[in-house]
Structures are given as C-alpha cells and as structure tokens.
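What follows is a set of notes on a single structure, which appears directly below.
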Amino acid sequence: NNTTKVEKNSKMSKAKDFMVPANKLIMCSISSTLNTASSIIISKGIGSILITKEVYKLDKKTKKNIKKKEVVGIVTKSDLLYGYLTDLDGKSAKVKKVMNKTLIYACEDDNIGKVSSLMIDKHIHHVIILNNEKTRIVGITSSLDIVKEKLLDETNYFRKLFGLSKKRTDDDDDD
C-alpha cells in the first residue's frame, strides 16, 4: 500500500497561531461610555474591547514616573447588552459599570486545547494572551478564533489526505 499516512492534528496550534496580535487590539478608556464602546465594537466588527486606565509607573532606569496605559478589564458585546437591559443610560454610564475586572490569561505557546479548556472552565469567550515570560500582552483570542483555527486544521487535513494541493489559510476569500 503506497498510501501516505496523515496524522490528524499532528501539530497542535499554539495561541500565537490564532490570536489577534497586540498591534491590532482595540482598547478604550475606563471613562468611556457604553455608547462609545458599543460604537467601537459595531464599527470594528469585534466581540470585545480591552479597558485601560492611565497609571504612573516608576521607570527603574530614569527614576521618573511615566504615564502608561494599564489594562484593567474587558467589555464584551454581552456586557454591553446587560448594561442596556438593566436600564443604564448609554450616553452617560461608563464601561466601568459593566466591564469584567477578572482578566483570564494564557501564554502564547499554550496549545489550542489548553486555551479552549480555560474558556470552558471559566465560562468565557475571550482570553488575553501573554508572552511566555508573562510580562506583556501579546494578543487576545476568542472562542470564534479557536473554532476558525480548528476548521482550518480539518480542511487542511482532508486536503492533505486526498492529495489536494492548495493549503487553505484564513486569508483565502472563498465564499
């Protein structure tokens, strides 16, 4: 038999393979209103926004206080819906009232199974991705990103199995 054995999921994707990278993250200030956050989510077609506040941190080299943005929460479409359904005024209510302050993290080299399990265990749809040293945010991923990655894995597996040449990526525009 000359059939090449193809191992399904022989290489498990890592968070860095399917996350939205830090340079594409959308953030807004803790002082933003629900309407502002909603407008951003709708216009960008995203499911969440990281919430920041300005803090002063001592620079160890210069010994001076430097103003930085620190991530203090996350707001999802569901959080905004909750805010509107509980009669918060979208024009004046701040995202601070609906944001989730408990941030859940994974590392960029964590595999797709670990990140998926974290989402299931914590009943969440978004995980912030840190570098492996856990010193900075390098991205974010959602349950939808994981579903897309698994679908690509399956598509590529079957293409390879049946000898189809084109490897599908998420950049392909087949509708």
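Residue numbers start at 1 and run along the sequence shown. On a predicted model such as this, the values are computed, not experimentally measured, just so you know.
- The closest side-chain heavy-atom distance from Asn111 to Ser13 is not below 4.5 Å.
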Could you walk me through whether Lys53 and Val55 pass side chain to side chain contact (heavy atoms under 4.5 Å, CB included), step by step?
CA-CA 6 Å; Lys53 77 174 184 180; Val55 295; 3.8 Å; yes
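- Note on Met19: it clusters hydrophobically with Met119, by side-chain heavy-atom contacts below 4.5 Å among ILVMFWY residues.
- Lys67 has its side chain out of reach of Lys57: every pair of non-hydrogen atoms, C-beta onward, lies at least 4.5 Å apart.
- Of the inter-residue distances, the one linking Tyr56 atom OH with Ile66 atom CD1 reads 11.5 Å to the nearest 0.5 angstrom.
- There is a path of hydrophobic side-chain contacts, each under 4.5 Å, that joins Ile146 to Met12.
- Between Met99 and Ile49 there is no side-chain heavy-atom pair separated by less than 4.5 Å.
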After noting the C-alpha distance and the side-chain angles of Asn131 and Cys107, does the key distance pass the side chain to side chain contact (heavy atoms under 4.5 Å, CB included) rule?
CA-CA 6 Å; Asn131 63 344; Cys107 290; over 6 Å; no
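- Environment of NZ in Lys77: sparse, with no more than 12 heavy atoms of neighbouring residues, nucleotides or ligands closer than 6.0 Å.
- The structure places CG of Leu118 at 7.0 Å from NZ of Lys122, a figure rounded to the nearest 0.5 Å.
- Between the CD atom of Glu70 and the CD atom of Glu54 there is a distance of 11.5 Å, given to the nearest 0.5 Å.
- Taking the side chain as every heavy atom from C-beta outward, Ser142 and Asp145 approach each other to under 4.5 Å.
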Just list the side-chain donor-acceptor pairs under 3.5 Å for residues 83-92, sequence neighbours left out, or say none.
residue: Tyr84; atom: OH; partner: Leu34; partner atom: O; Å: 3.4
residue: Tyr84; atom: OH; partner: Asn35; partner atom: OD1; Å: 2.7
residue: Tyr84; atom: OH; partner: Ser38; partner atom: OG; Å: 2.9
residue: Thr86; atom: OG1; partner: Tyr82; partner atom: O; Å: 2.9
residue: Thr86; atom: OG1; partner: Gly83; partner atom: O; Å: 3.1
residue: Asp89; atom: OD1; partner: Lys91; partner atom: N; Å: 3.2
residue: Asp89; atom: OD2; partner: Ser92; partner atom: OG; Å: 3.1

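- To the nearest 0.5 Å, atom CD1 of residue Ile120 and atom OG of residue Ser143 are 9.5 Å apart.
- Other residues sharing the hydrophobic cluster of Val20, ordered by chain and number and joined by side-chain separations under 4.5 Å: Leu25, Met27, Leu50, Val71, Ile74, Leu103, Tyr105, Ile128, Leu130, Ile137, Ile140.
- A salt bridge links Asp109 with Lys16: the distance from a Lys NZ or Arg NE/NH1/NH2 to an Asp or Glu carboxylate oxygen falls below 4.0 Å.
- Atom SG of Cys28 is separated from atom CD1 of Ile26 by 10.0 Å, given to the nearest 0.5 angstrom.
- In this structure the side chain of Val75 reaches within 4.5 angstrom of the side chain of Leu80, judged on heavy atoms.
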Would Thr76 and His126 count as a side chain to side chain contact (heavy atoms under 4.5 Å, CB included) here? Give the steps.
CA-CA 9 Å; Thr76 66; His126 298 86; 3.7 Å; yes
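- Of all heavy-atom pairs between Val115 and Ala15, the closest is CG2-CB, 4.1 Å.
- Judged purely by distance below 3.5 Å, without hydrogens or angles, the side chains of Thr36 and Ser39 never pair a donor atom with an acceptor atom.
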Using side chain to side chain donor-acceptor pair (under 3.5 Å), reason through Ser29 and Ser32 one step at a time and then give a plain yes or no.
CA-CA 5 Å; Ser29 168; Ser32 298; 4.7 Å; no
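- Counting heavy atoms from C-beta outward, Ile112 and Lys114 have side chains that stay 4.5 Å or more apart.
- With a 4.5 Å cut-off on side-chain heavy atoms, Leu58 and Lys64 do not count as touching.
- Distance check, rounded to the nearest 0.5 Å: CG of Asp153 to CZ of Phe18 gives 9.5 Å.
- The heavy-atom pair separating Val127 from Ile124 by the smallest distance is CG2-CD1, 3.9 Å.
- Proximity of Asn132 to Glu108: side-chain heavy atoms (C-beta onward) are separated by under 4.5 Å at one or more points.
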